[in-house]
Amino acid sequence: MLSLLASIYGKVADARNRLYDRGVFDTFDLGVRTISIGNITAGGTGKTPLVAYVAEILAERGQNVCILTRGYGRSNPKQRVLVSDGKTIFVDAMEAGDEPFELGHKLLGKAIVIADANRVTAAEWAKRKFGVTVFVLDDGFQHRKARRDIDIVCIDATNPFGGGKMLPMGRLREPLYNLKRAEIIVITRANLVEDISDLRFQISKMSPDAKVFTGSNKVCRIATVEEFPSKTQRPQTERSAGNVFAFCGIGNPENFFDQLRQESFELTGSQAFRDHHIYSQSDISNIEKLAHDSGAKTLLTTAKDAVKLSDLKFEIPCYVVEVKTTLDDAERFAGML
């Protein structure tokens, strides 16, 4: 049954792409330079840190940057939400969605963040209201209604093609040959695998014209849940002290746990929840029991999770780990934006 559904999913994705390619489905120019950052697989690929990375480059050039995102998991997905005007956060994580809320805080002073399923009408509104000079489409590879100048696709080095099967049998959102639409491909989390030469070769066969960059993630900041999302920075000696228990509700939790181990955090255990999980006090109690039983003295979680923890109480200190993306040829990448 899953194989049949995957076959249907792939055929529908192909038919939709052909209709866009032939001009049957309309695409709309957003009126200013537009950069799409997306995936070809479902689940976490390290896209959010790359969206922030690109927005920061553009902001440093004096551009008025606006991130347009769908905002998965928010309380009213049909409503347009101004998450941030670049100066102020206007909504909470439930209204914004966890990733837009995280981006809004991370990019204060650098980018406007708007959550709206219709990114074309959101762009028209944003240009009138804020004088936007460049849009960044978050998770935009399959959102072909909005015309873009550059398509950037993230491929996770630890699980690049989601088993090579279409949803729901695998994690592919469309057949792999559609990677040919991408101008830039970023192999994310390359620091978590030993060798990516075979992966680079596979990508070059599927998308020979794309420029391929290698990305790595590194912990850049840690703060308590109470301090987050302020800019408080904890020292390395404090954040590495003692045994820790990690938990998260993201698309690829094992990557987060592996990242911590690579950076010498001593994990005594971990707990993964579904992507975009909304935490209850009962969840925290269960996490703390597991942590206590494992001998951990500290909890660690992601920034995406932390935005949904501010109203919950912790008996064990809980720290938020933020990561940043670095690229192998950063100057060349920036020159293509």
query: Roughly how far, to the nearest 0.5 Å, is CG of Asp305 from CD1 of Ile278?
result: 10.0 Å
message: Once rounded to the nearest 0.5 Å, what's the spacing between atom NZ of Lys145 and atom CG of Asn118?
response: 4.5 Å
Charged N-O contact under 4.0 Å between Lys11 and Asp14: no
- request: May I ask you to say whether Asp209 pairs ionically with Lys180, meaning some side-chain N is under 4.0 Å from a carboxylate O?
  value: no
- request: Let me see the working for Ser36 and Asp151 under side chain to side chain donor-acceptor pair (under 3.5 Å), right down to the final yes or no.
  value: CA-CA 5 Å; Ser36 166; Asp151 254 316; 3.1 Å; yes
message: Can you tell me how the ring of Phe333 sits relative to the ring of Tyr53, calling it parallel under 30°, perpendicular over 60° and tilted otherwise?
response: tilted
message: Parallel, tilted or perpendicular, judged at 30° and 60°: which one describes the rings of Phe273 and His277?
response: parallel
query: Any Lys/Arg nitrogen of Glu174 or Arg181 sitting under 4.0 Å from an Asp/Glu carboxylate oxygen of the other?
result: yes
query: What is the distance from atom OG1 of Thr158 to atom CG of Asn255, rounded to the nearest 0.5 Å?
result: 3.5 Å
task: Using the six-membered ring wherever Trp is involved, compare the ring planes of Trp125 and Phe130 and label them parallel, tilted or perpendicular (cut-offs 30° and 60°).
output: perpendicular
- prompt: So do Asn39 and Asp156 actually touch side chain to side chain, heavy atoms under 4.5 Å?
  reply: no
query: Within the distance-only criterion (no hydrogens, no angle test), does the side chain of Gln142 pair as donor or acceptor with the backbone N or O of Arg173 below 3.5 angstrom?
result: no
- prompt: Is there a side-chain contact between Phe256 and Lys304 (heavy atoms, below 4.5 Å)?
  reply: no
message: Any side-chain to backbone donor/acceptor pair from Arg171 onto Ala42? Under 3.5 Å, distance only.
response: yes
- prompt: Is Phe141 linked to Tyr9 within one hydrophobic cluster, defined over Ile, Leu, Val, Met, Phe, Trp and Tyr using a side-chain heavy-atom separation of less than 4.5 Å?
  reply: yes
field: side chain to side chain contact (heavy atoms under 4.5 Å, CB included) between Arg147 and Thr34, worked out
entry: CA-CA 7 Å; Arg147 202 171 301 159; Thr34 302; over 6 Å; no
- request: Output yes when a side-chain donor or acceptor of Arg74 lies under 3.5 Å from a complementary backbone atom of Arg70, and no otherwise.
  value: yes
message: Minimum heavy-atom separation for Val132 and Val32, please, with both atom names.
response: O-CG1, 3.6 Å
query: Looking only at heavy atoms, what is the nearest atom pair of Gly71 and Ala115, with distance?
result: CA-CB, 4.5 Å
message: Given 3.5 Å as the limit, does a donor-acceptor pair link the side chain of Glu288 with the main chain of Glu315, or not?
response: yes
field: Backbone of Thr45 reached by a side-chain donor or acceptor of Thr188 within 3.5 Å
entry: yes
message: Nearest 0.5 Å, please: how far is SG in Cys66 from CG in Leu107?
response: 11.0 Å
- prompt: Going through the distances and angles, do Arg61 and Leu337 end up as a side chain to side chain contact (heavy atoms under 4.5 Å, CB included)?
  reply: CA-CA 11 Å; Arg61 295 176 182 169; Leu337 296 181; 4.0 Å; yes
query: Hey, are the side chains of Arg189 and Asn252 touching, using non-hydrogen atoms and a 4.5 Å cut-off?
result: yes
- prompt: Roughly how far, to the nearest 0.5 Å, is NZ of Lys289 from NE2 of His292?
  reply: 9.5 Å
query: Is a side-chain N or O of Asp328 found less than 3.5 angstrom from the main chain of Thr214, in a donor-acceptor match?
result: yes
message: Are Asp139 and Val51 packed together at the side-chain level, in the sense that at least one heavy-atom pair is separated by less than 4.5 angstrom?
response: no
Which atom of Ala96 lies closest to which atom of Val91, heavy atoms considered: CB-CG2, 3.6 Å
message: If you apply the rule side chain to side chain donor-acceptor pair (under 3.5 Å), what do you find for Asn243 with Thr268, and how did you get there?
response: CA-CA 6 Å; Asn243 296 331; Thr268 62; 6.0 Å; no
query: Are any of the side-chain heavy atoms of Thr41 and Asn159 separated by less than 4.5 Å?
result: no
statement: Result for side-chain hydrogen bond (donor to acceptor under 3.5 Å, both in side chains) between Asp116 and one of Arg80, Gln79, Lys78 points to Arg80
query: Does Arg16 make a cation-pi contact with Phe25 (under 6.0 Å, within 45 degrees of the axis)?
result: no
Working for side chain to side chain contact (heavy atoms under 4.5 Å, CB included), residues Ile155 and Phe161: CA-CA 8 Å; Ile155 294 180; Phe161 305 128; 4.1 Å; yes
- request: Taking the side chain as every heavy atom from C-beta outward, state whether Ile89 and Phe101 have any atom pair closer than 4.5 Å.
  value: yes
- prompt: Within the distance-only criterion (no hydrogens, no angle test), does the side chain of Ser207 pair as donor or acceptor with the backbone N or O of Ser204 below 3.5 angstrom?
  reply: no
message: Let me check something: do Ile250 and Val244 share a hydrophobic cluster, defined by ILVMFWY side-chain heavy atoms less than 4.5 Å apart, either directly or through other members?
response: yes
- prompt: Stepwise, does the ring pair (Phe, Tyr, Trp, His ring centres under 6.0 Å) test hold for Tyr319 with Phe265?
  reply: CA-CA 12 Å; Tyr319 289 84; Phe265 289 91; 9.6 Å; no
- prompt: Counting heavy atoms not belonging to Lys165, are there more than 12 under 6.0 Å from its NZ?
  reply: no
statement: Pro208 and Lys205 have their tightest heavy-atom pair at CD-O, 3.9 Å
Value rounded to 0.5 Å, distance of CD1 in Ile150 from CG in Leu137: 11.5 Å
- line: Heavy-atom closest pair (Leu199 atom, Pro160 atom, distance to 0.1 Å) is CD1-CB, 3.6 Å
- prompt: With no hydrogens and no angle check, is any side-chain donor or acceptor of Asp92 less than 3.5 Å from a backbone partner on Glu95?
  reply: yes
field: Short side-chain to backbone donor-acceptor contact, Gln259 and Asn217, under 3.5 Å
entry: yes
- prompt: So do Gln281 and Asp311 actually touch side chain to side chain, heavy atoms under 4.5 Å?
  reply: no
message: Do Thr224 and Pro317 make a side-chain contact, defined as non-hydrogen atoms from C-beta onward lying under 4.5 Å apart?
response: no
- line: Closest non-hydrogen contact found for Leu299 with Ile316 is CG-CG2, 4.0 Å
- prompt: Taking a hydrophobic cluster as the set of Ile, Leu, Val, Met, Phe, Trp and Tyr residues connected by side-chain heavy atoms closer than 4.5 Å, whether directly or through intermediates, do Ile196 and Leu192 fall within one such cluster?
  reply: no
- request: Check whether any side-chain N or O of Thr121 sits under 3.5 Å from a backbone N or O of Arg119 as a donor-acceptor pair, and report yes or no.
  value: no
- prompt: Any chain of hydrophobic side-chain contacts (each under 4.5 Å) joining Leu50 to Leu179?
  reply: no
Single-linkage hydrophobic cluster Leu103~Met94, side-chain heavy atoms < 4.5 angstrom: no
task: Would you sort out whether Arg144 and Asp21 count as a side chain to side chain contact (heavy atoms under 4.5 Å, CB included), showing the intermediate values?
output: CA-CA 10 Å; Arg144 297 193 62 184; Asp21 292 340; 2.7 Å; yes
